[in-house]
Student: 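To start, I am sharing the structure in question, which I have written as structure tokens.
This chain uses plain numbering: 1 for the first residue, then up along the sequence. Excluded from the calculations below are hydrogen atoms, water molecules and symmetry mates; all remaining heavy atoms, backbone and side chain alike, are included.
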Amino acid sequence: MKITTQLISTLLLLVCVNVSTHAQNFLPGFNGFSKKKTSYLHMDGGEVIKGNLKKLKYEKGLIEEVKIRDLNDKKVKIKPDNISFMYLPPSGLAKLANFTDFITDADQWNNEDLDQNLFKSGYAYFEKSEVRVKKKTRALMVQLVNPSFCEKIKVFQDPYAKQTASIGIGPLKAGGISKSYYVKKGDEVAIRLKKKHYDEEFKMFFGDCPALIEKYGDNPKWSEFAKHIYEYTKECK
């Protein structure tokens with residue numbers, strides 16, 4: 001790819017955007033995955049199945065079945081009912097589209113329960129969760145995007161989410177955020193939270209933290225959603 005003055009300026013601007021952020025950001029969500037790199041599926045019984053991804057089957061954009069070719073060259077088809085969590089390698093194109101999200105503070109990955117090396121190699125982390133899709137509740141594999149501050153509220157990628165305005169050229173963009181996520185508070189079922197409903201849903205998610213309601217409740221901004229969850233996790237009992 002030919003390097004131009006415009007491209008260099010854009011890259012520098014994108015780096016500045018990311019360096020100015022803090023650990024309370026969401027990790028990028030991915031929709032494309034590599035079939036050449038090893039995937040790691042951790043089963044409910046403790047077994048770890050390693051292999052190359054063959055195919056993912058989806059329900060409303062969320063994973064309901066995983067097909068891989070294991071290290072014995074055997075094709076394996078697995079439902080989320082049997083998987084506890086898994087690490088999938090994004091495709092090169094998916095990583096390129098989110099490249100600036102990796103130029104961040106290492107605290108973004110700071111969770112001792114998760115594999116730091118795989119995170120820093122660009123892997124996406126998925127876990128099994130009960131998710132409400134329209135009127136049905138299903139056990140699906142969902143990508144966690146707030147691993148370093150997920151003790152109380154977990155935020156999962158919504159693959160169908162639209163994005164707010166971003167800056168950049170082609171796939172090299174930053175600044176845009178998803179307009180919806182699947183959100184799971186404690187042991188509750190994960191539900192889809194949309195930007196347009198955030199004002200009315202804010203007190204439902206954070207109502208047990210008066211300090212947060214007092215600080216942001218009059219005008220909660222969707223652009224600060226990650227910040228709200230970070231503060232709720234670190235400061236509210």
Side-chain angles (χ1 to χ4, degrees), residues 26-95 97-98 109 111-148 150-162 178 180-194:
F26 295 142
L27 293 179
F30 296 108
N31 293 322
F33 300 95
S34 172
K35 295 183 179 180
K36 297 180 179 180
K37 294 184 178 181
T38 303
S39 294
Y40 301 84
L41 279 61
H42 292 250
M43 312 306 289
D44 284 338
E47 179 187 6
V48 180
I49 297 178
K50 303 176 184 179
N52 294 101
L53 187 66
K54 297 297 294 179
K55 186 178 180 180
L56 295 173
K57 186 176 180 181
Y58 294 92
E59 168 67 25
K60 299 298 181 182
L62 305 179
I63 298 172
E64 68 167 0
E65 184 177 87
V66 181
K67 294 181 180 179
I68 70 168
R69 185 182 297 276
D70 67 17
L71 299 183
N72 296 316
D73 203 34
K74 179 182 178 181
K75 292 182 180 180
V76 183
K77 183 189 300 183
I78 308 172
K79 291 285 188 180
D81 288 345
N82 302 311
I83 306 172
S84 178
F85 59 93
M86 63 186 185
Y87 297 90
L88 299 183
S91 66
L93 183 60
K95 290 181 70 172
N98 292 282
W109 297 271
N111 185 327
E112 293 182 356
D113 294 330
L114 304 179
D115 191 313
Q116 303 298 300
N117 291 327
L118 288 178
F119 265 118
K120 292 176 182 179
S121 295
Y123 275 67
Y125 170 80
F126 290 77
E127 66 181 40
K128 177 172 57 183
S129 176
E130 293 289 320
V131 181
R132 184 171 299 129
V133 180
K134 293 188 176 181
K135 296 182 179 181
K136 295 183 179 179
T137 298
R138 299 279 307 275
L140 301 169
M141 300 305 299
V142 280
Q143 184 186 345
L144 184 68
V145 297
N146 66 325
S148 64
C150 63
E151 295 92 332
K152 298 176 182 178
I153 298 178
K154 292 184 177 181
V155 181
F156 303 113
Q157 179 206 17
D158 176 6
Y160 284 177
K162 295 181 180 179
S178 295
S180 61
Y181 293 97
Y182 284 94
V183 184
K184 179 185 181 72
K185 186 172 183 180
D187 295 325
E188 298 175 3
V189 174
I191 63 174
R192 194 183 189 198
L193 177 63
K194 297 181 179 180

Student: Which salt bridge (charged side-chain N to carboxylate O under 4.0 Å, His left out) pairs, counting each pair once, include a residue from residues 133-143, with sequence neighbours left out?
Tutor: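 As it turns out, the salt bridge (charged side-chain N to carboxylate O under 4.0 Å, His left out) pairs with a partner in residues 133-143, which skip direct neighbours, are Glu59-Arg138, Glu64-Arg138.
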Student: Rounded to the nearest 0.5 Å, what separates atom CG in Asp115 from atom CZ in Phe85?
Tutor: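 The distance works out to 9.0 Å.
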Student: Using the salt bridge (charged side-chain N to carboxylate O under 4.0 Å, His left out) rule, collect all pairs that involve residues 39-56, keeping only residues at least two apart or in two chains.
Tutor: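 Found Asp44-Lys128.
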Student: Once you round to the nearest 0.5 Å, how far does CD1 of Ile83 lie from CE of Met141?
Tutor: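 Between Ile83 CD1 and Met141 CE, I get 5.0 Å after rounding to 0.5 Å.
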Student: Evaluate the side chain to side chain contact (heavy atoms under 4.5 Å, CB included) criterion for residues Arg192 and Arg132: first the C-alpha distance (whole Å), next the side-chain angles of each, then the deciding distance (0.1 Å), finally the verdict.
Tutor: CA-CA 8 Å; Arg192 194 183 189 198; Arg132 184 171 299 129; over 6 Å; no
Student: If we ignore hydrogens and angles and just use 3.5 Å, is the side chain of Gln143 paired with the main-chain N or O of Pro28 as donor and acceptor?
Tutor: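 Yes.
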Student: Nearest 0.5 Å, please: how far is CD1 in Ile68 from NZ in Lys77?
Tutor: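 These two atoms lie 13.5 Å from each other.
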Student: Go through the structure and list residues passing side chain to side chain donor-acceptor pair (under 3.5 Å) with Lys67, not counting sequence neighbours.
Tutor: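 Scan of Lys67 (side chain to side chain donor-acceptor pair (under 3.5 Å), adjacent residues dropped) gives none.
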Student: Are the side chains of Leu193 and Ser180 in touch, meaning some heavy atoms are under 4.5 Å apart?
Tutor: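 Not touching, per the 4.5 Å side-chain cut-off.
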Student: For the pair Tyr181 and Gln157, evaluate side chain to side chain contact (heavy atoms under 4.5 Å, CB included) and give the outcome as yes or no after the intermediate values.
Tutor: CA-CA 5 Å; Tyr181 293 97; Gln157 179 206 17; 5.5 Å; no
Student: Test your reading of the model: is there a side-chain donor-acceptor pair from Ser34 to the backbone of Lys36, 3.5 Å cut-off?
Tutor: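 Judged by distance alone, yes, a pair lies under 3.5 Å.
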Student: Distance from Ser148 atom OG to Leu114 atom CG, nearest 0.5 Å?
Tutor: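 The OG atom of Ser148 sits 10.0 Å away from the CG atom of Leu114.
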Student: Please test Tyr182 against Lys154 for side chain to side chain contact (heavy atoms under 4.5 Å, CB included), starting from the C-alpha separation and ending with a verdict.
Tutor: CA-CA 8 Å; Tyr182 284 94; Lys154 292 184 177 181; over 6 Å; no
Student: Can you name the one residue among Tyr40, Phe126, Tyr123, Tyr125 that meets ring pair (Phe, Tyr, Trp, His ring centres under 6.0 Å) with Tyr87?
Tutor: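 Going through the options one by one, the only one that passes is Tyr125.
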Student: Look only at the side chain of Asn146 and the backbone of Val155, and say whether a donor-acceptor pair between them is shorter than 3.5 Å.
Tutor: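 The answer is yes, because a donor-acceptor pair under 3.5 Å joins these two groups.
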Student: Under the side chain to side chain contact (heavy atoms under 4.5 Å, CB included) criterion, do Leu88 and Leu56 qualify, and how do the steps go?
Tutor: CA-CA 11 Å; Leu88 299 183; Leu56 295 173; 4.3 Å; yes
